[in-house]
Number of protein chains: 2
Amino acid sequence: MVKTSIEMDKAAMVLKLLGDKTRLTMVKLLENNDCCVCEFVEIFQASQPSISQHLRKLRDVGLVKEERRGQWIFYSINQDNAYYPFVEHILKQVPNQDHKLKELEANGTRITCC
Amino acid sequence: MVKTSIEMDKAAMVLKLLGDKTRLTMVKLLENNDCCVCEFVEIFQASQPSISQHLRKLRDVGLVKEERRGQWIFYSINQDNAYYPFVEHILKQVPNQDHKLKELEANGTRITCC
DNA sequence: TGCTTATATAAGCAAATTATTATATAGTAA
DNA sequence: TTACTATATAATAATTTGCTTATATAAGCA
């Protein structure tokens, strides 16, 4: 714990952010992969605005960053974020989700961008 | 992670439960202390029904248990709960809150029950 | 017994969250 | 240029959450 410990209200805020199955899975995927929005739309079978809004929440606290590549926007973990060490610990407790990306490929659903 | 890892939707559910400053602090206090409801009411300066409702959510997932002692009801962590190992890891990342109980004593606000 | 204290629960409401629908922006390609 | 694709944002609707107020239950005590 020492001096680097996260404050209580910040911790609660981050936990609430991760306390949603979609966002938790997103962050877990981003731990090992850069993903573009269309992949998330496929994986979660959700509407594009819904996915964008989840990503925005993650972006707003600085946990992920975006990068345009041509017409696609890729998201990745922002390891420099102050909350990342805390998040990392939590993610370690949670099962790997990379099979969700594999399934996209298998389906041939993995789209142009990837 | 191995075979004991928590499922994604369960993990999200637990994170959401802890994603509230009051509940997170409660659980952190209960990590080292048994507490009665009136202590929580004092500590959080919240109404008694509000505290009871937070405790109920924690009880509903089995993370805490209650025990009547005379006219008071004491809450404690249920270490046997399936989610406890996950919760424990998170609590380790969060600052100790025991000073909140100390302050009750100092104030003389620490009531009859304790 | 009746009164008081501690706690839980139910009902109602306001605030916050999530999803949907519609529209805007930016890139790519004809 | 126009048309199309990928994404973001805004407005709105639906759902969930957390608080308050009121009431119920259970223990202790006169």
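The structure presented is a predicted model; accordingly, all values stated were derived computationally and were not measured. Numbered from 1 within each chain, the chains take letters A, B, ... in sequence-line order.
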Novice: Between B:K21 (NZ) and D:dG18 (P), how many Å, whole number?
Specialist: 15 Å

Novice: Which residue pairs pass the salt bridge (charged side-chain N to carboxylate O under 4.0 Å, His left out) test when at least one of the two sits in residues 18-27 of chain B, sequence neighbours left out?
Specialist: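 Those involving residues 18-27 of chain B do not exist here.
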
Novice: Among residues at least two apart in sequence or on other chains, which ones pass salt bridge (charged side-chain N to carboxylate O under 4.0 Å, His left out) with A:R56?
Specialist: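 None.
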
Novice: To the nearest Å, give me how far apart CG (B:D60) and C1' (D:dT16) are.
Specialist: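 Computing the B:D60:CG to D:dT16:C1' distance gives 16 Å.
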
Novice: B:F74 CZ to C:dT7 C1': how many Å, rounded?
Specialist: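 So the CZ-C1' distance, B:F74 to C:dT7, works out to 13 Å.
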
Novice: What does nucleotides 25-30 of chain D look like as a protein-contact string, B for base, S for sugar-phosphate only, - for none, at under 4.0 angstrom between heavy atoms?
Specialist: --SS--

Novice: Hey, what are the protein-to-nucleotides 15-21 of chain C N/O distances that come in under 3.5 Å?
Specialist:
unit_1	atom_1	unit_2	atom_2	d
C:dT17	OP1	A:K16	NZ	3.0
C:dT18	OP1	A:R23	NH2	3.2
C:dT18	OP2	A:R23	NH1	3.4
C:dT18	OP2	A:K57	NZ	2.2
C:dA19	OP2	A:S50	OG	3.4
C:dA19	OP2	A:H54	NE2	2.8
C:dA19	N7	A:Q53	OE1	3.4
C:dT20	O4	A:Q53	NE2	2.8

Novice: For B:L58 and D:dT17, give me the distance from atom CG to atom P, rounded to whole Å.
Specialist: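 Rounding to the nearest Å, CG of B:L58 and P of D:dT17 are 14 Å apart.
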
Novice: For A:I73 and C:dT28, what is the distance between atoms CD1 and P respectively, to the nearest whole Å?
Specialist: 12 Å

Novice: Check salt bridge (charged side-chain N to carboxylate O under 4.0 Å, His left out) between A:E67 and all other residues, then give those that pass, not counting sequence neighbours.
Specialist: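 Scan of A:E67 (salt bridge (charged side-chain N to carboxylate O under 4.0 Å, His left out), adjacent residues dropped) gives A:R69.
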
Novice: Would a 4.5 Å heavy-atom cut-off, applied to side chains only, mark A:V37 and A:I51 as touching?
Specialist: yes

Novice: Check whether any side-chain nitrogen or oxygen of A:Y75 sits under 4.0 Å from OP1 or OP2 of D:dA8, and answer yes or no.
Specialist: yes

Novice: Taking the side chain as every heavy atom from C-beta outward, state whether B:M13 and B:Y83 have any pair of such atoms under 4.5 Å apart.
Specialist: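 Of all side-chain heavy-atom pairs linking B:Y83 with B:M13, at least one is under 4.5 Å.
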
Novice: Quick one, B:L17 and B:V27 - any side-chain contact, counting heavy atoms below 4.5 Å?
Specialist: no

Novice: Quick one: label B:F40 by what it contacts on the DNA or RNA (base, sugar-phosphate, nothing), any heavy atom closer than 4.0 Å.
Specialist: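 Result for B:F40 = nothing.
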
Novice: The criterion is side chain to side chain contact (heavy atoms under 4.5 Å, CB included); which residues satisfy it with A:Q71, sequence neighbours excluded?
Specialist: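 If we apply the side chain to side chain contact (heavy atoms under 4.5 Å, CB included) test to A:Q71, skipping adjacent residues, there are no hits.
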
Novice: Could you identify the nucleotide paired to C:dT18, looking across every strand shown and requiring Watson-Crick or G-U wobble geometry with both distances under 3.5 Å?
Specialist: D:dA13

Novice: Taking side chain as C-beta onward, heavy atoms only, is B:K28 less than 4.5 Å from A:M8?
Specialist: yes

Novice: So if I take every side-chain heavy atom of B:C36 and compare against D:dA6, D:dT9, C:dT7, which nucleotide ends up nearest?
Specialist: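 Nearest to the side-chain atoms of B:C36, counting from C-beta on, is C:dT7.
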
Novice: B:R56 has an atom CZ; how far is it from atom C1' of D:dG18, in whole Å?
Specialist: 13 Å

Novice: Between C1' on D:dT5 and CH2 on A:W72, what's the gap in Å once rounded to a whole number?
Specialist: 9 Å

Novice: Would you check if A:D98 and A:L29 make a side-chain contact, meaning some heavy-atom pair closer than 4.5 Å?
Specialist: yes

Novice: Calculate the interatomic distance between A:L17 atom CG and D:dT17 atom C1'; express it in whole Å.
Specialist: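 The distance from CG of A:L17 to C1' of D:dT17 comes to 17 Å, rounded to the nearest Å.
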
